[in-house]
Asker: 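First the structure, then my questions, so here it is.
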Amino acid sequence: MRPLAPGVHQLLGRPPHMMNAYLVEDVLVDAGTPAARKRIARQLDGRRLAAHVVTHAHPDHFGSSHALCERYDVPLWAGSRDVEAIQDARPVPAPGLLPALLAKMPMPDPHPVARGLAEGDEVAGFTVLDAPGHSPGHIALWRDHDGVLICGDVFFNVLRPAPPPRFLTHDVERNRESMRRLAELRPKLVLFGHGRPLRDPDRLRRLVG
């Protein structure tokens, strides 16, 4: 587990930085695919968990949520407009034929969501921000006092900061609005669902113009 800021750790992935999960104080943020279950558990065993938060209802973020919530007996929290998609394990697809085909693939196990998160809620010292577009109920987590932003998939940073792929994004224009909103925060540390951490507060602003 890699420390990134006070109380914030990035869990080790395989391959590194491809599908990220984070431990924020005693809250697990995102849970990768179903195949990540054992790898995440090895890093969490022996630690006290209070809750598990999912930034959005895509199977590479809630893939291991059911197994981990059961293992550690913790509640699952997610953006209120993504609750049904997680509980039914039926993410809302992006427009087009390819997303419709992807939606027919096997999905992770569903799990009840104990708390639907909304703008302004607090999670482990972070403020919940509504950041819809990539999914209808996508959320980000923002810590104002030191400028740490967990942005989920509002941005990708696989090769460089960029929007998420269009064919995976429910509403491209709403996601662009979320990108602009988060960039204007000028975060000092950005943590992505996919890609390496970023410590340049101007990179996102340059991306959104």
Side-chain angles (χ1 to χ4, degrees), residues 4-10 19-31 50-58 60-62 65 75-86 91-92 94 113-157 161-165 168-209:
L4 298 171
V8 180
H9 293 76
Q10 180 180 355
M19 296 180 187
N20 295 323
Y22 301 95
L23 183 63
V24 180
E25 301 295 351
D26 55 1
V27 175
L28 173 66
V29 178
D30 285 339
H52 170 37
V53 170
V54 172
T55 58
H56 61 289
H58 283 178
D60 56 336
H61 290 260
F62 77 93
S65 294
L76 177 60
W77 302 345
S80 58
R81 290 189 298 275
D82 272 3
V83 166
E84 185 176 347
I86 293 172
V92 179
V113 177
R115 179 184 176 191
L117 297 171
E119 176 85 15
D121 286 344
E122 183 177 328
V123 172
F126 282 70
T127 301
V128 173
L129 303 179
D130 285 331
H134 189 60
S135 76
H138 195 298
I139 60 169
L141 301 176
W142 168 245
R143 195 163 69 183
D144 184 69
H145 74 83
D146 60 355
V148 179
L149 174 68
I150 301 175
C151 74
D153 284 5
V154 175
F155 297 91
F156 274 40
N157 191 33
L168 296 175
T169 300
H170 171 67
D171 188 324
V172 170
E173 288 308 313
R174 290 202 76 187
N175 191 75
R176 288 188 185 279
E177 294 172 8
S178 294
M179 289 170 64
R180 285 191 287 269
R181 181 192 184 192
L182 298 186
E184 289 192 2
L185 295 171
R186 299 193 77 247
K188 296 177 181 175
L189 172 62
V190 187
L191 305 179
F192 302 87
H194 306 278
R196 295 178 178 275
L198 179 69
R199 296 184 183 271
D200 181 348
D202 292 321
R203 287 289 297 277
L204 300 187
R205 292 189 69 180
R206 291 197 294 270
L207 175 62
V208 301

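Heavy atoms only: backbone and side chains are in, while hydrogens, waters and symmetry mates are out. Numbering starts at 1 and runs along the sequence shown.
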Asker: May I ask you to decide if Thr55's main-chain N or O and Asp30's side chain share a donor-acceptor pair within less than 3.5 Å?
Answerer: yes
Asker: Do His58 and Pro164 have side-chain heavy atoms sitting under 4.5 Å apart?
Answerer: no
Asker: Just so I know, are the side chains of Met19 and His194 near enough to count as touching, which here means a heavy-atom distance under 4.5 Å?
Answerer: yes
Asker: Would you say Glu119 and Leu129 make side-chain contact, with heavy atoms under 4.5 Å?
Answerer: yes
Asker: Flag the pair Pro197 / Leu189 as yes when at least one side-chain heavy-atom distance between them is below 4.5 Å, and no otherwise.
Answerer: yes
Asker: Is there a donor-acceptor contact under 3.5 Å from the side chain of Asn20 to the main chain of Gly195?
Answerer: yes
Asker: Would His56 and Asp82 satisfy side-chain hydrogen bond (donor to acceptor under 3.5 Å, both in side chains), going step by step from the backbone distance to the final call?
Answerer: CA-CA 6 Å; His56 61 289; Asp82 272 3; over 6 Å; no
Asker: Take Val53 and Ile139 through the test side-chain contact (heavy atoms from CB on, under 4.5 Å) and record every step on the way to the result.
Answerer: CA-CA 10 Å; Val53 170; Ile139 60 169; 4.1 Å; yes
Asker: Is the side chain of Arg115 donor-acceptor paired with the backbone N or O of Pro75 at a distance under 3.5 Å, no angle test?
Answerer: no
Asker: Evaluate whether atom CD of Glu84 has more than 12 neighbouring non-hydrogen atoms of other residues, nucleotides or ligands under 6.0 angstrom away.
Answerer: no
Asker: Kindly compute the distance separating CG (Asp121) from CG (Asp130), expressed to the nearest 0.5 Å.
Answerer: 9.0 Å
Asker: Donor-acceptor pair, Tyr22 side chain versus Phe192 backbone, under 3.5 Å?
Answerer: yes
Asker: May I ask you to decide if His138's main-chain N or O and Ser135's side chain share a donor-acceptor pair within less than 3.5 Å?
Answerer: yes
Asker: Any non-hydrogen side-chain atom of Asp153 less than 4.5 Å from a side-chain atom of Leu168?
Answerer: no
Asker: Which atom names give the shortest non-hydrogen contact between Val154 and Asn175, and what distance separates them?
Answerer: O-ND2, 3.2 Å
Asker: Counting only N and O atoms by type, is there a donor-acceptor contact under 3.5 Å from the side chain of Arg174 to the main-chain atoms of Pro132?
Answerer: no
